[in-house]
Amino acid sequence: MSQTLQSVRGMNDILPDEAEFWEIFEETVRSWLKCYGYRPIRMPIVEPTPLFKRAIGEVTDIVEKEMYSFEDSLNGEHLTLRPEGTAGCVRALIQHNLAAQHPRRLYYMGQMFRHERPQKGRYRQFHQVGVEAFGFAGPDIDAEMILMGARLWGDLGLDGIELQINSLGQPEERAQHRAALIAYFEQHVDMLDDDARRRLHTNPLRILDTKNPALQDLCANAPKLIDYLGPESLAHFEGVQRVLRDAGQAFTVNPRLVRGLDYYNLTVFEWVTDRLGAQGTVCAGGRYDGLVNQLGGKPTPACGFAMGVERLIALIQEAGGAPASPAPDVYLVHQGENASRLAFRVAEGLRDQGLNVLLHCGGGSFKSQMKKADASGATFAVVIGDDEAATGEAQLKALREEGVAQRKLKVDDLAEAIIGQLIDSDEEE
RNA sequence: GCGGCAUUAGCUCAGUCGGUAGAGCACUGGAUUGUGAUUCCAGGUGUCACCGGUUCGAUCCCGGUAUGUCGCCCCA
């Protein structure tokens with residue numbers, strides 16, 4: 001295979017068999033969002049680089065080493081392929097003053113770009129469904145968003161996706177905890193491994209995630225974020241949990257659940273699976289009350305989450321949920337000049353009646369055309385040769401039923417006969 | 001970005017202790033020149049990922065690159 005004509009590493013073609021599956025997935029997702037009152041929004045894939053630096057945080061992995069950033073050679077602007085959707089969505093909200101009159105429930109789906117090393121469930125171009133709600137301050141919207149996920153897993157036929165939640169508190173609470181945590185680990189710096197020392201001043205919360213058994217006791221006794229939450233933060237977190245309990249939604253409070261983006265506060269949550277190897281998170285999000293104001297908008301409470309489409313589709317396929325690709329109703333076989341001219345008219349006429357028609361193209365013997373008709377999965381073959389063309393007739397042959405004779409019909413009667421038989425066979429099932 | 005493993009026909013894979021390769025499926029054509037699925041016959045499948053090294057000779061051994069995969073980091 002040529003080395004030069006390949007897709008960019010980590011950016012994949014989605015071929016017809018899989019693309020059909022994606023379309024079904026997207027239809028399911030859209031009707032699910034609609035039933036919660038979410039409305040679509042579409043933002044550009046490219047945004048000014050400073051937007052992401054300000055929204056996501058300068059010292060995050062995403063901004064520091066994963067963004068596809070470039071300078072527009074025509075005017076020198078610093079641009080970036082979006083690594084996530086929330087920043088652009090908030091930018092659009094502010095730019096068009098969308099939350100001025102009333103709260104907004106918005107969603108989008110599309111490509112995101114992060115320069116990471118690809119592996120299963122992680123790609124450089126990947127797709128997210130993003131769901132954002134603006135103007136709701138209470139814990140009810142957090143809980144609704146979490147419960148939405150549970151419904152979608154059901155709609156998609158998925159089980160075994162578990163819910164983890166946590167509260168990050170408000171920025172000042174988190175800052176106090178962070179300072180206490182750093183102080184604690186600095187006291188015991190001799191016990192830390194290299195990994196933990198590296199994280200000490202970049203992301204001390206991540207130290208608590210260590211897989212090193214020697215650090216377990218040290219981490220267990222570290223200052224806990226929940227002890228730094230004020231009464232309002234605690235009440236908000238309890239409010240979310242109350243709705244989840246009322247709904248019978250099982251969850252785990254994971255005090256080590258932190259998000260990789262700086263803008264989160266209060267509620268954060270993740271839906272995780274153990275069936276996708278190292279990429280266990282299929283959906284994650286939380287509250288980000290400060291972001292709209294931070295990016296220049298009026299203070300607006302906000303909450304949102306994103307789902308990894310590739311990961312969800314991998315899960316569905318692993319669960320055996322691959323649907324059959326749609327077969328045409330009719331494959332139109334024809335041979336001879338007059339027959340071919342009639343065939344075009346017949347095919348369009350059948351399509352006028354709402355039928356899916358595959359018109360044979362490329363010539364070939366009747367035998368080879370019939371083979372293609374069978375391979376297409378079509379319910380019927382319609383055969384037009386010069387004999388039929390001369391009388392304005394066509395042969396109608398049922399390909400999926402035993403012992404049904406081929407019939408010769410006037411071409412004007414074809415659609416009615418085909419639709420009638422399709423309805424009959426539907427009723428039998 | 002770091003480490004392990006992998007890469008042979010369109011697909012799934014075998015194989016050569018170093019002498020340029022096979023199977024199944026799929027595909028194409030044929031079995032009374034107007035009829036598919038089953039059957040029978042015939043047929044092409046290919047820079048053995050790419051580049052270089054060792055060798056009389058490399059698909060096989062060695063090195064690098066690309067891509068995939070598993071794990072780490074991180075994340076959807």
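Heavy atoms only: backbone and side chains are in, while hydrogens, waters and symmetry mates are out. Given the structure is predicted, the values throughout are model-derived calculations rather than measurements.
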Worksheet entry | Electrostatic pair A:R275-A:D159, nearest N-O below 4.0 angstrom |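 A salt bridge links A:R275 with A:D159.
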
Discussion item. Judged by each residue's nearest nucleotide on RNA chain B, which is more toward the 5′ side, A:K372 or A:K397?
Written reply: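 Its nearest nucleotide being more 5', the pick is A:K372.
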
Tell which nucleotide pairs with [N], taking only Watson-Crick or G-U wobble pairs whose two distances are both under 3.5 angstrom.
| N | result |
| --- | --- |
| B:G3 | B:C70 |
| B:U32 | none |
| B:U65 | B:A49 |
| B:G18 | none |
| B:G24 | B:C11 |

Can you tell me how far [atom2] of [N] sits from [atom1] of [X], to the nearest Å?
| X | N | atom1 | atom2 | result |
| --- | --- | --- | --- | --- |
| A:K371 | B:U39 | NZ | C1' | 12 Å |
| A:D374 | B:U39 | CG | P | 13 Å |
| A:D17 | B:C11 | CG | P | 13 Å |
| A:L396 | B:G34 | CG | C1' | 16 Å |
| A:Y331 | B:U35 | OH | C1' | 13 Å |
| A:D13 | B:G68 | CG | C1' | 15 Å |
| A:R9 | B:G1 | CZ | C1' | 11 Å |

Worksheet item: Tell me, for nucleotides 40-45 of chain B in 5' to 3' order, what letter each nucleotide earns: B for a base near a protein heavy atom under 4.0 Å, S for only sugar-phosphate near one, - for neither?
Response: ------

Fill in: Sugar-phosphate or base contact per nucleotide [nucleotides 71-76 of chain B; S, B, -; heavy atom under 4.0 Å]
BBBBBB

Item to complete: May I ask you to verify if any side-chain N or O of A:K367 is less than 4.0 angstrom from the OP1 or OP2 atom of B:G30?
Response: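 The answer is no; no side-chain N or O of A:K367 sits under 4.0 Å from OP1 or OP2.
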
Discussion item. OP1 or OP2 of B:G68 versus the side-chain N and O atoms of A:K120: is any pair under 4.0 Å?
Written reply: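 False: A:K120 side-chain N/O out of range (4.0 Å or more) of B:G68 OP1/OP2.
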
Inter-nucleotide [atom1] distance ([N], [M]), Å rounded:
| N | M | atom1 | result |
| --- | --- | --- | --- |
| B:C62 | B:G24 | P | 32 Å |
| B:U35 | B:U12 | P | 36 Å |
| B:U65 | B:C72 | P | 24 Å |
| B:C48 | B:U59 | C1' | 4 Å |
| B:C51 | B:C60 | P | 12 Å |
| B:G29 | B:A66 | C1' | 39 Å |

Practice prompt. Enter the distance from A:Y108:OH to A:Y38:OH here, rounded to the nearest 0.5 Å.
Written response: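 So the OH of A:Y108 and the OH of A:Y38 are separated by 12.0 Å.
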
Worksheet item: What is the distance from atom SG of A:C283 to atom CZ of A:R311, rounded to the nearest 0.5 Å?
Response: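 Answer for the SG-CZ pair, A:C283 versus A:R311, is 11.5 Å.
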
Practice prompt. Please indicate whether A:K34 has more than 12 foreign heavy atoms, meaning atoms of other residues, nucleotides or ligands, lying under 6.0 Å from its NZ.
Written response: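 No, the 6.0 Å shell around NZ holds no more than 12 heavy atoms from other groups.
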
Worksheet item: Do A:Q170 and A:S233 pass the side chain to side chain donor-acceptor pair (under 3.5 Å) test, and can you show the C-alpha distance, the side-chain angles, and the key distance before you say yes or no?
Response: CA-CA 7 Å; A:Q170 298 295 0; A:S233 294; 4.5 Å; no

Item to complete: Classify the side chain of A:Q406 versus the base of B:U35 as yes if they form a donor-acceptor pair under 3.5 Å and no if they do not.
Response: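 Flag set: donor-acceptor pair detected.
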
Discussion item. Can you tell me whether the side chain of A:E388 and the base of B:G34 have a donor-acceptor pair closer than 3.5 Å?
Written reply: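 Indeed there is one.
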
Worksheet item: Do side-chain atoms of A:Y263 reach the backbone of A:G57 as a donor and acceptor pair under 3.5 angstrom?
Response: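 Side chain of A:Y263 to backbone of A:G57: no pair is present.
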
Worksheet item: Is any side-chain heavy atom of A:L208 closer than 4.5 Å to a side-chain heavy atom of A:F185?
Response: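 Sidechains of A:F185 and A:L208: in contact.
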
Worksheet item: Quick one: are A:R124 and A:V8 in side-chain contact, heavy atoms under 4.5 Å?
Response: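 A side-chain contact is absent here, since even the closest heavy-atom pair is not under 4.5 Å.
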
Sequence neighbours left out, cut at 3.5 Å: what donor-acceptor pairs do the side chains of residues 21-31 of chain A make with other protein atoms?
from: A:T28; atom 1: OG1; to: A:I24; atom 2: O; distance (Å): 3.0
from: A:S31; atom 1: OG; to: A:E27; atom 2: O; distance (Å): 3.4
from: A:S31; atom 1: OG; to: A:T28; atom 2: O; distance (Å): 3.1

Worksheet item: Just checking A:G336: base, sugar-phosphate only, or nothing, at a heavy-atom cut-off of under 4.0 Å?
Response: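 Answer is nothing: A:G336 stays at 4.0 Å or more from every strand.
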
Worksheet item: Base, sugar-phosphate, or nothing for A:Q111, non-hydrogen atoms under 4.0 angstrom?
Response: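 Result for A:Q111 = nothing.
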
Fill in: Derivation of the side chain to side chain contact (heavy atoms under 4.5 Å, CB included) call for A:M148 and A:L33
CA-CA 8 Å; A:M148 282 176 76; A:L33 286 160; 4.0 Å; yes

Discussion item. With side chain to side chain contact (heavy atoms under 4.5 Å, CB included) as the test, pick out the partner of A:F305 among A:V268, A:V131, A:I146.
Written reply: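 It is A:V131; the other options fail the test.
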
